[in-house]
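Each remark here refers to the structure printed beneath this line.
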Amino acid sequence: MKLSMLLWLMSVLPQPLADQTCLATTVYLEARSQSTIGQMAVAEVAMRRRERGQWGGTVCDVVKSPHQFALSTTPQSQDIDNLKAFQKAWDIAGKSIVNWDLPVDERRFFVPHADHFATASVAPVWSHNRSAVTIGDHKFYSVN
């Protein structure tokens, strides 16, 4: 399936299915080769941003924000062809959404306070002088 098809689906699906599709696609694009914890951490960053409202009021708004996640930077012609990895991303997205529906003191956090992440091999300008938690190939930062 092409990314363009998933983007179209996201635009017509009702909530909360649209948000789960957006989050699953983001986890797939950003972290499909990472561990479950690494994938949960990516989802956590998106959910934290949604909760703060700085990047939009829905998960789809957040992950489609320009230049914030792979969903806005990956060519729409990209094939989503690893169905096993997408199924795992779908499950993680669902678990993350359920986790964030819980009261704050009952949620499970993998990267507390992190609202940004980057591939460990790069050092974006916003990451300088900030501590990070490294999980797999990603570093997670608290920026805002």
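Atom set for the values below is all heavy atoms of this structure, side chains included, hydrogens, waters and symmetry mates excluded.
Val42 and Val143 are members of different hydrophobic clusters when ILVMFWY side chains are connected at heavy-atom separations under 4.5 Å. Linking Ile, Leu, Val, Met, Phe, Trp and Tyr whenever their side-chain heavy atoms come within less than 4.5 Å puts Trp8 and Leu71 in one cluster. Trp90 and Leu83 sit in two unconnected hydrophobic clusters of ILVMFWY residues. Membership requires side-chain heavy atoms under 4.5 Å apart, directly or through other members. When hydrophobic clusters are built by joining Ile, Leu, Val, Met, Phe, Trp and Tyr residues whose side-chain heavy atoms come closer than 4.5 Å, directly or via intermediates, Tyr28 is grouped together with Met5.
By the 4.5 Å heavy-atom criterion applied to side chains, Ser72 and Lys64 are not counted as neighbours. Residues Gln68 and Val62 are not in side-chain contact: their nearest non-hydrogen atoms beyond the backbone lie 4.5 Å or more apart. At a threshold of 4.5 Å between non-hydrogen side-chain atoms, the residues Phe110 and Arg108 count as touching. When side chains are defined from C-beta on, Met1 counts as touching Leu6, because their heavy atoms get closer than 4.5 Å. Annotation: side chain of Leu3 is not in contact with side chain of Asp79 (no heavy-atom distance under 4.5 Å). You'll find the side chain of Thr25 stays beyond 4.5 Å of the side chain of Val63, heavy atoms only. Within the 4.5 Å cutoff, no side-chain heavy atoms of Phe69 are placed close to those of Trp55.
Remark: Leu13 pairs with Leu9, Leu17, Ala18, Thr21 by the side-chain contact (heavy atoms from CB on, under 4.5 Å) rule, at least two apart or across chains. Legend: residues meeting salt bridge (charged side-chain N to carboxylate O under 4.0 Å, His left out) with Glu30, ordered by chain and number and at least two apart, are absent.
Annotation for Thr58 and Arg50: closest pair C-CG, 3.6 Å, computed over non-hydrogen atoms. Between Glu106 and Leu102, the shortest heavy-atom contact is O-CD1, 3.7 Å. Ala43 and Leu23 make their closest contact through CA-CD1, 3.9 Å (heavy atoms, listed as atom of the first residue, atom of the second, distance). Nearest heavy-atom pair across Ala24 and Ala89 is O-CB, 3.3 Å. Nearest heavy atoms, Ala85 versus Arg32: CB-CB, 4.1 Å.
For the atom pair SG of Cys22 and CD of Gln15, the computed distance is 7.5 Å after rounding to the nearest 0.5 Å. Annotation: the span from Lys95 atom NZ to Gln20 atom CD amounts to 11.0 Å, rounded to 0.5 Å.
The number of heavy-atom neighbours closer than 6.0 Å to NZ of Lys88, taken from other residues, nucleotides and ligands shown, is above 12.
For the side-chain hydrogen bond (donor to acceptor under 3.5 Å, both in side chains) condition, the pairs that include at least one residue of residues 124-143, sequence neighbours left out, are Gln34-Asp137.
A donor-acceptor pair under 3.5 Å is absent between the side-chain atoms of Thr119 and the main chain of Val122, judged by distance alone.
For an aromatic pair to be called close, the ring centres must be under 6.0 Å apart, and Phe109 with Trp100 satisfies this.
Considering Val111, Ile92, Ile135 as possible partners of Met40, the one that fulfils the side-chain contact (heavy atoms from CB on, under 4.5 Å) test is Ile92. When the options Arg52, Gln54, Arg48 are evaluated for a side-chain hydrogen bond (donor to acceptor under 3.5 Å, both in side chains) with Asp115, the one that passes is Arg52.
Salt-bridge annotation for Arg107 and Glu44: absent, with no side-chain N of the basic residue lying under 4.0 Å from a carboxylate O of the acidic one.
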